[in-house]
Amino acid sequence: MWQPNRLEQERVDKIQELEARGVAPFPARVERTHTTIAAMGAYESAESAAPDPEQVPDVAVTVCGRVRRVNLKGKVSFMHIEDEQGRLQLFLRVNDMDEPVYDLVKDKLIDVDDFVQAAGVMMRTKAGEISVRVSTLTLLSKGLSPLPVIKEAKQEDGTVIEYGEFSDTEQRYRQRYADLAVNRTTRLVFRRRAEVIRALRHFLDDAGMLEVETPILQPIYGGAAARPFVTHHNQLHQDLYLRISFELYLKRLLVGGYDAVYEIGRDFRNEGVSFKHNPEFTMLEFYKAYIDYRGVMDLAERMVVYVAEQVTGGTTVSYQGETLDFTPPWQRLTAREAIRNATEIDYMDHPAAADLEAAIRASGDQIKPGQPWGKLIEHLLGKAEPGFVQPTIIYDYPLDISPFAKRVAYDDVHVERFEFFIAGMEMGNAFTELNDPRDQERRFLEMAERFREEDDDAAPLDTDYLRAMRYGMPPNGGFGMGVDRLVMLLTDQRNIRDVLLYPHLREEK
RNA sequence: GGCCCCGUGGCGCAAUGGUAGCGCAGAUGACUUUUAAUCAUUUGGUUGCAGGUUCGAGUCCUGCCGGGGUCACCA
């Protein structure tokens with residue numbers, strides 16, 4: 001049962017007073033002819049069309065929005081209402097309105113946070129602000145809990161200074177609705193997020209790829225190295241996993257005859273959380289026949305710069321004080337070169353895992369003993385990662401940590417795989433996809449063996465995937481990217497939670 | 001999971017171990033073109049929870065809860 005606090009109780013009491021005056025606090029009927037922006041635009045057009053600035057014809061509007069500011073001045077009052085696009089001032093004067101309606105304002109029965117509908121004609125105040133000269137004001141919805149108050153002051157140069165803030169991170173995440181209602185920058189971030197995803201779809205559609213949807217509930221999970229969430233189907237008595245990647249389902253579709261497919265959707269990984277990891281996140285994967293990882297590199301570069309241009313209008317972006325330039329071509333380094341640059345260790349000088357481990361320890365790093373060679377190389381790559389501020393492609397990865405990538409010709413240890421990094425963050429992962437079912441089966445078995453040695457939950461062998469591949473899979477290049485991280489870059493947010501409307505948090509006590 | 005930081009009215013913040021304060025919001029009143037409106041008066045707190053040290057704890061100690069950072073982990 002809700003226990004109103006002091007401020008809320010005052011609002012509850014106001015509802016009683018409104019009802020006593022015959023005013024419905026949550027009426028069903030609403031009317032709107034203009035958004036705030038449209039109303040202002042209509043008046044500006046009328047002004048510029050009028051031969052005499054004193055003789056602007058009436059522009060009648062009915063606007064709706066949330067009250068964000070109330071300024072009572074006795075027999076005249078001002079309010080700002082806000083809808084999604086903008087703010088508009090209401091000019092309320094007792095002479096222009098029925099007195100009982102004006103009294104609702106005067107008696108402070110309309111609060112900041114309430115939704116109202118205002119009908120009137122457009123005007124400019126003495127100070128020059130476009131406003132509605134209100135003849136009828138209707139309460140649409142009463143706010144009971146007060147939102148944090150942010151006051152805004154417009155500077156002469158048009159910039160807006162805000163006074164007061166709602167900045168408590170926990171409350172902003174738990175009560176995103178309040179964050180959105182109060183912080184316009186939050187609203188902008190999630191608008192832009194939608195634009196990023198729209199631009200990605202547009203690019204991929206234009207590239208001739210088919211958007212598809214594959215199962216989120218999977219009897220066998222795979223395609224990435226992450227622990228899954230487990231769930232259960234009651235009627236079928238079947239354990240199911242929430243997908244950790246789309247890879248294996250998408251590549252089956254190439255066997256089926258599609259040239260290129262993509263999916264944008266949710267992945268779930270049962271791992272630690274951090275500023276760049278959320279248990280559920282949005283992934284983009286595509287697979288395209290008849291290209292290899294070089295072709296994927298080109299596509300990735302073009303896609304990212306396209307999205308940046310679509311949503312920001314430019315090819316560079318300011319991120320946490322750094323200027324990121326997405327213009328292709330990006331720097332391309334082999335993993336071996338990148339590691340040599342960052343650590344002065346050449347892993348090819350240490351072909352045995354034990355040997356490489358010793359070299360890493362000699363450099364001063366503490367690492368878990370007994371890791372496979374590829375894992376050690378990944379550790380070394382992690383040392384180089386923060387240096388990849390501008391878009392950087394790292395290619396040719398160790399075979400033993402890349403079970404779905406084709407081998408580099410005449411090379412026993414590397415596969416045709418690349419990852420790309422921006423702002424020190426891993427953004428995506430791609431391969432020349434393995435399409436030899438015999439090699440794939442060997443790699444699955446090796447992986448299962450290693451998992452068994454490490455006493456880890458082994459991903460069950462996906463025999464159906466091998467069956468599909470045996471029908472013949474065209475050579476293809478595949479690509480995966482963390483969409484949330486791209487949104488971070490394009491909205492200048494340092495934490496993934498700030499680009500997720502509802503980030504995962506511990507249960508509220 | 002380890003380590004570090006944080007938790008004080010609705011929001012944002014103060015308070016050498018010694019009477020818990022300030023701004024905004026709220027309430028009451030004044031004001032017919034204000035705009036961070038202004039002016040006067042004024043309400044509101046078991047300082048995240050539970051213990052402990054002390055004559056005395058918002059402050060020091062222990063544990064717990066929640067958040068943030070960082071490291072580890074994360075084909």
Side-chain angles (χ1 to χ4, degrees), chain A residues 4-11 13-14 68-80 87 89-96 102 106-108 111-113 123-129 131 133 144-155 160-174 178 182 222-227 244-245 247 269-277 279 365-368 371-372 374-375 377-379 381-382 397-405 415 417 419 426 429 431 443 446-447 450-451 459 480 494-495 497 503 505-509:
Chain A
N5 66 28
R6 196 181 79 257
L7 298 174
E8 290 164 338
Q9 187 57 50
E10 282 167 3
R11 300 282 181 96
D13 294 343
K14 286 181 183 184
R68 296 309 303 270
R69 165 178 167 261
V70 178
N71 179 9
L72 291 176
K73 282 183 54 66
K75 293 194 168 57
V76 62
S77 299
F78 300 85
M79 287 182 181
H80 275 135
R87 274 186 183 220
Q89 181 166 263
L90 306 183
F91 175 69
L92 303 133
R93 199 171 57 151
V94 63
N95 306 31
D96 298 332
Y102 186 77
K106 193 195 72 186
D107 296 339
K108 300 173 84 167
D111 289 292
V112 169
D113 304 329
M123 59 168 282
R124 263 186 205 276
T125 62
K126 275 183 186 165
E129 180 165 347
S131 309
R133 183 188 301 276
L144 292 183
S145 300
L147 288 164
V149 177
I150 278 72
K151 295 191 175 187
E152 296 187 352
K154 235 185 213 123
Q155 299 300 101
V160 174
I161 296 183
E162 294 186 340
Y163 297 86
E165 56 182 336
F166 179 50
S167 55
D168 183 272
T169 46
E170 183 176 355
Q171 288 202 78
R172 288 204 306 115
Y173 296 154
R174 286 197 196 281
V182 159
R227 274 178 298 193
I244 58 172
S245 86
E247 168 131 8
R269 296 189 180 176
N270 207 336
E271 307 279 358
V273 298
S274 80
F275 75 96
K276 52 183 176 177
H277 295 91
D365 284 9
Q366 309 233 328
I367 46 169
K368 196 170 73 183
Q371 296 190 82
K375 282 282 208 187
I377 291 169
E378 225 170 33
H379 167 86
L381 211 48
Y397 275 66
L399 171 81
D400 60 337
I401 52 168
S402 312
F404 301 110
V415 291
R417 170 182 175 190
E419 295 189 312
E426 181 191 338
N429 188 13
F431 326 119
R443 302 235 207 139
E446 278 165 23
M447 214 175 25
R450 188 187 315 150
F451 273 119
R494 206 169 67 85
N495 195 311
R497 288 175 187 146
L505 297 176
R506 263 179 237 269
E507 201 175 1
E508 203 172 354
K509 56 155 198 314

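On a predicted model such as this, the values are computed, not experimentally measured, just so you know. FYI, side chains are in, hydrogens and waters are out, and symmetry mates aren't considered; it's all heavy atoms of this structure. Residue numbering restarts at 1 for every chain, and letters A, B, ... go by the order of the sequence lines.
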Separation of U32(B) C1' from K73(A) NZ (nearest whole Å):
8 Å
Once you apply a heavy-atom cut-off of 4.0 Å, does K154(A) come out as touching a base, just sugar-phosphate, or nothing?
nothing
Distance between the P atoms of U41(B) and C22(B), in whole angstroms?
13 Å
Side chain R124(A) and base U33(B) donor-acceptor under 3.5 Å
no
Mate of U16(B) where both pairing distances stay under 3.5 Å, Watson-Crick or G-U:
none
Could you tell me whether R87(A) contacts a base, only the sugar-phosphate backbone, or nothing, with contacts defined as non-hydrogen atoms closer than 4.0 Å?
nothing
Of the nucleotides G69(B), G10(B), A36(B), which one has an atom closest to the side chain of Y163(A)?
A36(B)
Answer with base, sugar-phosphate or nothing: what part of the nucleic acid does M79(A) contact at a heavy-atom distance below 4.0 Å?
nothing
Integer angstrom distance from the C1' of C60(B) to that of G67(B)
23 Å
Can any side-chain N or O of D111(A) pair as donor or acceptor with the backbone N or O of D113(A) at less than 3.5 Å?
no
Give the nucleotide from the list A75(B), G26(B), U35(B) with an atom nearest to the side chain of E10(A).
G26(B)
Nearest whole angstrom, please: distance from the C1' of A72(B) to the NZ of K368(A).
10 Å
Quick one: N5(A) CG to U46(B) P, roughly how many Å, whole number?
12 Å
How close or far is atom C1' of G12(B) from atom CG of D168(A), stated in whole angstroms?
10 Å
Remember a base hit wins even if backbone is also touched, and classify K14(A) as base, sugar-phosphate or nothing at under 4.0 Å, heavy atoms.
sugar-phosphate
So, does Y163(A) use its side chain to make a donor-acceptor pair with the main chain of V149(A) at under 3.5 Å?
no
First encountered from the 5' end of RNA chain B, between F166(A) and K126(A)
F166(A)
In whole Å, measure the gap between the P atoms of U54(B) and U59(B) for me.
16 Å
Nearest to the side chain of T169(A) - C31(B), A27(B), G68(B)?
G68(B)
Does a side-chain N or O from R174(A) land closer than 4.0 Å to OP1 or OP2 of G67(B), or not?
yes
Length of the line joining R68(A):CZ and A37(B):P, which is rounded to integer Å:
12 Å
Return the nearest nucleotide to the side chain of T125(A); candidates are A36(B), A37(B), U35(B).
U35(B)
Distance, P atom - from U34(B) to A27(B), rounded to whole angstrom
23 Å
Which part of the nucleic acid does D400(A) contact within heavy-atom distance under 4.0 Å: base, sugar-phosphate only, or nothing?
nothing
Distance, C1' atom - from A25(B) to C11(B), rounded to whole angstrom:
8 Å
So R6(A), base contact, sugar-phosphate only, or nothing? Heavy-atom distance under 4.0 Å.
base
Among U33(B), G67(B), U34(B), the nucleotide that comes nearest once only the side chain of M123(A) is considered
U33(B)
Regarding S402(A), tell me which of base, sugar-phosphate or nothing describes its non-hydrogen contacts under 4.0 Å with the strands shown.
nothing
Strictly below 4.0 Å: does K75(A) bring a side-chain N or O up to OP1 or OP2 of U33(B)?
no
Has the side chain of R69(A) got a donor or acceptor atom that lies under 3.5 Å from a matching backbone atom of Q89(A)?
no
Mind checking if A127(A) touches a base, just sugar-phosphate, or nothing, with heavy atoms under 4.0 Å?
base
Could you tell me whether Y173(A) contacts a base, only the sugar-phosphate backbone, or nothing, with contacts defined as non-hydrogen atoms closer than 4.0 Å?
sugar-phosphate
Taking only side-chain N and O atoms of K375(A), does any of them lie within less than 4.0 angstrom of OP1 or OP2 on C74(B)?
yes
With a 4.0 Å cutoff (strictly under), does any side-chain N or O of Q89(A) reach OP1 or OP2 of U34(B)?
no
Between CZ on residue R506(A) and CZ on residue R174(A), distance to nearest 0.5 Å
9.5 Å
Pair E129(A)-H80(A), side-chain contact (heavy atoms from CB on, under 4.5 Å): steps then yes or no
CA-CA 11 Å; E129(A) 180 165 347; H80(A) 275 135; 2.8 Å; yes
For I150(A), is there any backbone N or O sitting under 3.5 Å from a side-chain donor or acceptor partner on R68(A)?
no
Can you list the steps and then say if F431(A) with E247(A) is a side-chain contact (heavy atoms from CB on, under 4.5 Å)?
CA-CA 11 Å; F431(A) 326 119; E247(A) 168 131 8; 3.7 Å; yes
With a non-hydrogen cut-off below 4.0 angstrom, is R69(A) in contact with a base, only sugar-phosphate, or nothing?
base
Any donor and acceptor pair, going by atom type alone, linking the side chain of K14(A) with main-chain N or O of K108(A) inside 3.5 Å?
yes
Nearest whole Å is fine: how far is U35(B) P from L92(A) CG?
16 Å
Please give the nucleotide sitting opposite U41(B) as a Watson-Crick or G-U wobble pair, both distances under 3.5 Å, or none.
A27(B)
Using Watson-Crick or G-U wobble geometry with both distances under 3.5 Å, which nucleotide pairs with G7(B)?
C65(B)
V94(A) side-chain proximity, nearest of U32(B), U70(B), A25(B)
U32(B)
I367(A) CD1 - C73(B) P separation (whole Å)
9 Å
Under 4.0 Å, heavy atoms only, any strand: does E162(A) hit a base, just the sugar-phosphate, or nothing?
nothing
Of the nucleotides G68(B), U35(B), U32(B), which has the atom closest to the N95(A) side chain?
U32(B)
Gap in Å between the two P atoms, one belonging to A40(B) and one to C24(B), rounded
11 Å
Just to confirm, is there a sub-4.0 Å distance from OP1 or OP2 of G26(B) to any side-chain nitrogen or oxygen of K108(A)?
no
From C-beta outward on F275(A), which listed nucleotide comes closest to its side chain: U70(B), G67(B), A25(B)?
U70(B)
Give me the distance, rounded to whole Å, that separates G48(B) from C6(B) when you measure between the P atoms they each carry.
13 Å
Using purine N1 to pyrimidine N3 plus N6-O4 or O6-N4 for Watson-Crick, or N1-O2 and O6-N3 for G-U wobble, both under 3.5 Å, which nucleotide pairs with G1(B)?
C71(B)
P146(A) backbone acceptor or donor facing E8(A) side chain under 3.5 Å
no
Carboxylate-amine/guanidinium contact R417(A) E419(A), below 4.0 Å
yes
Need to verify one output field. Residue with the more 5' nearest nucleotide on RNA chain B, G223(A) or V149(A)?
V149(A)
Figure out the CG/C1' separation between L147(A) and C11(B), and round it to whole Å.
10 Å
State whether R93(A) places a side-chain N or O below 4.0 Å from either non-bridging phosphate oxygen (OP1 or OP2) of U33(B).
no
Looking at every strand, decide which applies to S167(A) at a 4.0 Å heavy-atom threshold: base, sugar-phosphate, or nothing.
sugar-phosphate
